[in-house]
Amino acid sequence: MDWLNADSIARGFDTAAGTFAWGTTFEQLEALGLRSADAELGLGAWRVPGVDVLGLRSSRMQLMAPYPGRPVMQVWHRLDLPESESHVDFVLRAHAQLVAQLSMPDYGEMQPARFKEENAWNVVVNAGWRVGGVNVSVSWYGAPRNDEAEGKTSGILCLDWDDEIAAATPWVDAWQQEQVTLDAMLRQAHTVARLQAGPAHEQALNRGSPGDIRALITAQRVLRRPSLHFTVPDFALLKGNGAANHQLVLWSAASGDAWGVSDIHNTVYCRHGETLRAQWVQVLPAKGGGFTDLSFGPLSNAQSYCPRERCGAIAQFMDILATMPGASFQYSETYDC
């Protein structure tokens, strides 16, 4: 197989089973004969035999998708240390080779100085480039690692396809239709319980400033948290006592076959036959001051720490939620270390 080069990086990624376009899912890869070598990595990551990348040998690589059923958006190549070359000599030569192919890095080092081989768990040289809509980055270790591939590895080269709007396209219409159905449901819903909570956030990743930020946030939800929807504008059940952006409302659909939790930006809901897991985590003061974290599936809310014995409103809200069909609730404590 030819080396993956700067031109082909923009179009897709190489594997031992062939070259695949960005947007390919694990299910499509499996249908074409590629399998993960390590089931323990989970549904979002596959470890597979590697292929050469930009002229560098990689015997092991990882493919990563943001959510089950969504496309591969990250590829990590573990870079093998040649048996005939020292780690430091290889890093300096290979880094110069990458710069020759990709030009001056957008960040990081162009001509790293010679370093002393010491700690394999330190990164001593790194750099990154933007190549045709794909972020390419390399990190070189302070010494070879022995646990990433069959032989020793000197670094890792990462490809990150971050065109989230394009990546979400195959699923966005269905998600938008579900949002339309939810909007109608919210307009007819009635309140089951309310809670004064921490400030609500849009819960979007910061990936630049496109012209249509709503389209980007939608794409991020479609790709990473498809069960997290928008709350209908001017949601009537959030009006009344207290600021709307500090309210959580537990609601039930007028039809009686669905219920959910909403803040001013975000909504999750549970239909008949589905489940929704709620968690209350008391993060106790330690090195940090602590905080209270509430989550309802992918919807989360954090507020300043308050001892559990003074959280009667939260306890009452969660007790009511636990009675809803398909609901589960868990309380836990940890430390703010």
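Residues take their numbers from the sequence shown, with the count starting at 1.
For E27 (side chain) and P68 (main-chain N/O), no donor-acceptor pair under 3.5 Å exists by modelled atom type. With hydrogens and angles disregarded, no donor-acceptor distance shorter than 3.5 Å links the side chain of W171 to the backbone of A219. Formation of a donor-acceptor pair under 3.5 Å by the W175 side chain with backbone atoms of P226 is found in this model. Between the side chain of N266 and the main chain of H201, a donor-acceptor pair closer than 3.5 Å is present. A side-chain donor-acceptor contact under 3.5 Å links T231 to the backbone of D263. Under the 3.5 Å distance criterion, the side-chain polar atoms of H95 are left unmatched by any main-chain donor or acceptor of W140. Under the 3.5 Å distance criterion, the side-chain polar atoms of T292 are left unmatched by any main-chain donor or acceptor of Y305. For T169 (side chain) and I165 (main-chain N/O), a donor-acceptor pair under 3.5 Å exists by modelled atom type. At distances below 3.5 Å, at least one donor-acceptor pair connects side-chain atoms of R145 with backbone N or O atoms of A120. With hydrogens and angles disregarded, a donor-acceptor distance shorter than 3.5 Å links the side chain of D106 to the backbone of R130.
The number of heavy-atom neighbours closer than 6.0 Å to CG of D147, taken from other residues, nucleotides and ligands shown, is above 12. In E309, the CD atom is crowded: over 12 heavy atoms of neighbouring residues, nucleotides or ligands sit closer than 6.0 Å. The environment of CD in E117 is crowded: more than 12 heavy-atom neighbours from other residues, nucleotides or ligands sit within 6.0 Å. Q176 CD: more than 12 foreign heavy atoms inside a 6.0 Å radius.
If you chain together hydrophobic residues whose side chains sit under 4.5 Å apart, V51 and L32 fall into the same group. If you chain together hydrophobic residues whose side chains sit under 4.5 Å apart, V249 and M324 never meet in one group. Under a hydrophobic clustering in which Ile, Leu, Val, Met, Phe, Trp and Tyr are joined whenever their side-chain heavy atoms come within less than 4.5 Å, directly or via other members, Y269 and L238 fall into the same cluster. With hydrophobic clusters built from ILVMFWY side chains whose heavy atoms lie under 4.5 angstrom apart, V72 does not share a cluster with W76. Both L98 and M110 sit in one connected hydrophobic cluster of ILVMFWY residues. Membership requires side-chain heavy atoms under 4.5 Å apart, directly or through other members.
For C311 against C306, the heavy-atom pair with the smallest separation is SG-O, 3.4 Å. Residue V261 comes nearest to L299 through the heavy atom pair O-CD1, 3.6 Å, listed as atom of the first residue, atom of the second, then distance. Taking all atoms of both residues into account, the shortest heavy-atom contact from P71 to L223 is CD-CD2, 4.0 Å. Taking each heavy atom of A166 and W161 in turn, the nearest pair found is CB-CZ2, 4.2 Å. Contact detail for R277 and Q279: the closest heavy-atom pair is NH2-OE1, 3.7 Å. Shown here for P298 and S227, the closest heavy-atom pair between the two residues is CG-OG, 3.4 Å.
For T267 and H229, the side-chain atoms include no donor-acceptor pair closer than 3.5 Å. Side chain to side chain, S139 and N126 fail the donor-acceptor criterion of an N or O pair below 3.5 Å. A side-chain N or O of Q179 and one of D183 form a donor-acceptor pair less than 3.5 Å apart.
A salt bridge links D89 and R114; the closest N-O separation between the charged side-chain nitrogens and carboxylate oxygens is under 4.0 Å.
Remark: S252 OG to H190 NE2 distance equals 4.0 Å, nearest 0.5 Å. The CD1 atom of I314 sits 12.0 Å away from atom CG of D319, with the distance rounded to the nearest 0.5 Å. The distance from atom CD of Q282 to atom OG1 of T334, rounded to the nearest 0.5 Å, is 11.5 Å. One finds the CZ atom of F90 at 7.5 Å from the CG atom of D80 (value rounded to the nearest 0.5 Å). For the atom pair CG (L79) and CG (L56), the distance works out to 5.5 Å, reported to the nearest 0.5 Å. Interatomic distance, CG of L237 versus CH2 of W251, reported as 9.0 Å (0.5 Å rounding).
Between Q177 and D173 the shortest side-chain heavy-atom distance does not fall below 4.5 Å. By the 4.5 Å heavy-atom criterion applied to side chains, M318 and L195 are not counted as neighbours. By the 4.5 Å heavy-atom criterion applied to side chains, S36 and E30 are not counted as neighbours. A heavy-atom distance below 4.5 Å is found between the side chains of V268 and L228. A 4.5 Å side-chain heavy-atom check between E164 and R224 finds at least one atom pair inside the cut-off. Q247 is listed as a side-chain neighbour of Q196, based on a closest heavy-atom distance under 4.5 Å. L250 is not listed as a side-chain neighbour of F296, based on a closest heavy-atom distance of 4.5 Å or more. Here the side chains of R308 and Y331 are in contact, with some heavy-atom distance below 4.5 Å.
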For a side-chain contact (heavy atoms from CB on, under 4.5 Å) check, start with the C-alpha distance between S262 and L186, then their side-chain angles and the critical distance, and finish with the verdict. CA-CA 9 Å; S262 298; L186 289 174; 4.0 Å; yes
Show your reasoning for whether side-chain contact (heavy atoms from CB on, under 4.5 Å) applies to Y141 and K152. CA-CA 11 Å; Y141 311 144; K152 295 181 178 180; over 6 Å; no
Should R57 and E85 be marked as a salt bridge (charged side-chain N to carboxylate O under 4.0 Å, His left out) after you check the CA-CA gap, both sets of side-chain angles, and the distance that decides it? CA-CA 13 Å; R57 176 64 181 158; E85 201 167 1; over 6 Å; no
Test side-chain contact (heavy atoms from CB on, under 4.5 Å) on F13 and L63; report intermediate values, then the result. CA-CA 10 Å; F13 55 94; L63 312 177; 4.2 Å; yes
Run F230 and T218 through side-chain contact (heavy atoms from CB on, under 4.5 Å) and show every step you take. CA-CA 9 Å; F230 297 116; T218 296; 3.3 Å; yes
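Aromatic ring orientation, W46 versus F26: parallel (interplanar angle below 30°, classes split at 30° and 60°).
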